[in-house]
Amino acid sequence: MDTYLFDGGRITKMEVDYEPACNEKIPLAKELAKKNPDAFHESIEMMLQLEKQTRLGADMVSCSRVLVAICQICLEAGNWNALNEYVSLLVRRRSQLKQAVVKMIQECCTYVDKTPDKETKLKLIDTLRSVTEGKIYVEIERARLTKILADIKEADGDVAGAAAVMEELQVETYGSMDKREKVELILEQMRLCLLKEDYVSTQIIAKKISIKFFDDPAQHDLKLKFYNLMIQLNRDTSFLNTSRHYQAIAEPPRKKAPAAVESSTGDDKKKSDDKKTKEEDDKKSEATSVATVELETELTDAQKKELTDKLVCAVLYCVLAPYDNEQSDMMAHLSKNKKLEDVPVYKEILRLFMSKELINFDTFNADFGMVLAENEMFKDSTKHGKKCITELKDRLIEHNIRIIAMYYSRLHLSRMSELLNLPTNRCEEYLSKLANSDTIRVKIDRPAGIIYFTTKKSASDILNNWATDVNQLMSLVNKTCHLINKEECVYSVMCAVED
C-alpha cells in the first residue's frame, strides 16, 4: 500500500518514485540560485520540470518537496512577485495533488511575517486567499490568513472592512479545525460586529457557540471573553439576559484533578489472603477509582473581589429587569447564593424587591443611594447610567403597584397617588403599562376616580365557574318546567270539577 496515494477519496497508484531525483536536483537548484542570482529563473525552470514529472507520476511526497523548494528559492532570492506568480500557477495545474498544495500553502503561510513591508504582505495574503478559496483541504490556512488580514484592516481603522472579511468565514462548518480555534475565530467575529454596532449579526453569530463547550475548565478564558461580549450586546436591550451572563462569570474557575486511586503492593505473600479480604479490597478500590473531581482553584483577594463585583452586577440587573415569572425565579435563585453575605447592602436590596411590602422611594434613596451612586452602572455621566437610574425608579413604582393590587380590590385614585407619592396622571400611566404587559388586571372608573383590581384566573377556575353557572341555569329550567306542569295539572282538575 506504500505505492498508493489517497487523493480526494480516490486511490491513485504512484507510478514512479522520484525521491532519488529530488534528493539530487533540489539542493542543486537551491545552491545555483543562491550563488548566482541571475540563475534564478534557471533553477526555477529545473524545479518546474521535476514538478511535472512528480505530479504526473502521482508521487505526492516528492511533489510536495518540489513545491516547497520552489517557494523557498523565491524567498531566499527575495522575489515576492515571483512567489505570488508561481503559487497561483502551481495550484491551477492539471491533476495537481491536493496534499502537495496543502504543504505548499502551509509553507507560504510562514512567509507572511517575513515580508519586508506592508504592501508585500497584503499582496501575499491576497494571493494565498484567492488560491485557497473554495478548497476544503486548505480551509484552516485560509481562516488564519483571513484573521491576519482582519487585524491589519482594524489597525488601519477600517473596522467595517475587518468585520466584513471575518464574516465571510463559516468556521462552524470546518471539520478539520480544533474546537478552541473555531471558538476563538467566532468570538473575533462577534467582537468586530460589536465594534461596528451590528447587533443583529452579533446575535446570530453568538448562537453558533454551544454553551456546553465552556464546561471544560481549560476553556475558562474563552468563557470570560464570550460572556463579556454578550454583556456588551444585551446590557441596553435585555437586563434579564445581562444578569444571567454576569451570573455565569461570577462562578469561580474550576479545575479537574484525578482522584486518589489506591495502588496494589504486589507482594507475593498477600496473594494467599482469603477470598473475603480480596472482595473488600475490590470494593474499596472501586470506591476510590473516580475518574475526575472538580476542585475550585485558589483565588487571590483581587480575584475574589472581582467575582463579588460580578455577582453584584447580576443582582442589580436582575432587579432592573421587568417583572415576570422568569425574573421572579431568578431573584429567588440569587437570594440563595451564600456569597451575597459578603455584600449585605445588595442582599437587602434584593430582599426588598422580593418582599410583599411597599418600598418608600425617599427611604430607599437615603439607605442605598450613596452605595448605588458608587457603582459604575449608575453613573450620571454615561448614557447607560442614566437609563439604569430611570429603570430603577420604574421598577420601584411597579413593585409598589403590584403590592397594592395584592391587598386591594377597590381603591380611590387619590389614595393610590398618595401611597405612590405620584400625581394621578402618572399613576394612570403606570397602571396602563402594567395592564398592557398583563402583570395586573385593573379597571379605572375615571368619573368616580375608583380603581378596581381583579385577580388573574386560571383556565381551570374559569371552566369551574362556567360549569357552576350552567348547573344553576339547568336547575332553574328544571324548576320552571316542574311549576308549569304543576299549574297545568291543577287547571285540568279544576276544569273537570266544573264540568
Side-chain angles (χ1 to χ4, degrees), residues 2-8 12 14-37 39-116 120-146 148 176-177:
D2 294 340
T3 61
Y4 287 85
L5 169 68
F6 292 88
D7 182 48
T12 306
M14 185 173 66
E15 301 292 343
V16 185
D17 185 5
Y18 287 95
E19 184 178 1
C22 291
N23 292 337
E24 178 185 354
K25 293 186 178 181
I26 290 177
L28 181 63
K30 287 184 178 180
E31 190 67 23
L32 180 63
K34 187 176 181 180
K35 287 185 177 180
N36 185 9
F40 170 76
H41 293 287
E42 182 181 348
S43 62
I44 292 293
E45 189 64 31
M46 183 190 306
M47 288 291 95
L48 290 176
Q49 292 176 2
L50 183 59
E51 183 271 335
K52 181 179 180 180
Q53 295 174 353
T54 57
R55 171 166 47 86
L56 297 179
D59 187 355
M60 185 271 293
V61 177
S62 299
C63 187
S64 301
R65 290 179 60 189
V66 173
L67 295 185
V68 171
I70 293 174
C71 296
Q72 290 174 348
I73 291 173
C74 293
L75 175 68
E76 292 174 0
N79 195 337
W80 296 98
N81 292 329
L83 177 62
N84 294 329
E85 179 183 347
Y86 285 118
V87 166
S88 302
L89 173 68
L90 292 170
V91 169
R92 291 197 299 266
R93 285 203 163 179
R94 181 175 62 89
S95 301
Q96 187 61 273
L97 303 176
K98 293 181 180 179
Q99 289 88 343
V101 173
V102 172
K103 295 290 185 183
M104 181 181 67
I105 297 299
Q106 289 175 347
E107 178 71 18
C108 291
C109 287
T110 61
Y111 299 164
V112 173
D113 295 331
K114 299 178 182 179
T115 50
T120 306
K121 187 174 186 178
L122 288 174
K123 193 172 181 180
L124 177 60
I125 291 175
D126 183 61
T127 300
L128 294 175
R129 289 183 73 244
S130 63
V131 299
T132 56
E133 185 176 4
K135 295 180 175 59
I136 297 177
Y137 49 92
V138 285
E139 59 188 6
I140 297 179
E141 288 74 17
R142 177 177 171 79
R144 292 169 181 167
L145 290 168
T146 303
I148 297 173
S176 56
M177 182 178 285

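Heavy atoms only: backbone and side chains are in, while hydrogens, waters and symmetry mates are out.
- Atom-to-atom distance recorded for E107:CD and I70:CD1 is 12.0 Å, nearest 0.5 angstrom.
- With hydrogens and angles disregarded, no donor-acceptor distance shorter than 3.5 Å links the side chain of E141 to the backbone of V102.
- At distances below 3.5 Å, not a single donor-acceptor pair connects side-chain atoms of N36 with backbone N or O atoms of L32.
- N84 CG to I125 CD1: the interatomic distance, rounded to the nearest 0.5 Å, is 11.0 Å.
- With rounding to the nearest 0.5 Å, the separation of CD1 in I140 from CG in L145 is 12.0 Å.
- Shown here are the side chain to side chain contact (heavy atoms under 4.5 Å, CB included) partners of K103, two or more places apart in sequence or in another chain: S64, V68, Q106.
- No more than 12 heavy atoms of other residues, nucleotides or ligands lie within 6.0 Å of CD1 in I136, so this atom counts as exposed by the packing criterion.
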Working for side-chain contact (heavy atoms from CB on, under 4.5 Å), residues Q96 and V91: CA-CA 7 Å; Q96 187 61 273; V91 169; over 6 Å; no

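- When all heavy atoms are compared, the tightest approach of S43 to A29 is CB-O, 3.4 Å.
- Not one N or O on the side chain of R142 forms a donor-acceptor pair closer than 3.5 Å with the backbone of G134.
- Once rounded to the nearest 0.5 Å, the distance linking OG1 of T132 with CD of E139 reads 10.5 Å.
- Across L97 and C63, no two heavy atoms sit closer than the pair CD1-CB, 4.1 Å.
- Atom CD1 of I73 sits about 11.0 Å away from atom CD of E31, to the nearest 0.5 Å.
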Does V112 form a side-chain contact (heavy atoms from CB on, under 4.5 Å) with L124? I'd like the steps, not just the answer. CA-CA 7 Å; V112 173; L124 177 60; 4.2 Å; yes

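- Annotation: the span from L50 atom CG to L67 atom CG amounts to 10.0 Å, rounded to 0.5 Å.
- Summarising the geometry of I44 relative to C74, their closest heavy-atom pair is CD1-SG, 4.2 Å, with the distance given to 0.1 Å.
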Using side-chain contact (heavy atoms from CB on, under 4.5 Å), reason through T54 and R65 one step at a time and then give a plain yes or no. CA-CA 10 Å; T54 57; R65 290 179 60 189; over 6 Å; no

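- Looking at R55 and S95, their side chains never bring a donor and an acceptor atom within 3.5 Å of each other.
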Hey, mind stepping through K123 and N81 against side-chain contact (heavy atoms from CB on, under 4.5 Å) and telling me if it holds? CA-CA 9 Å; K123 193 172 181 180; N81 292 329; 3.2 Å; yes

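- Panel note: side chain D59, backbone Y18; a donor-acceptor pair is recorded below 3.5 Å.
- Counting non-hydrogen atoms of other residues, nucleotides and ligands closer than 6.0 Å to NZ of K30 gives a total above 12.
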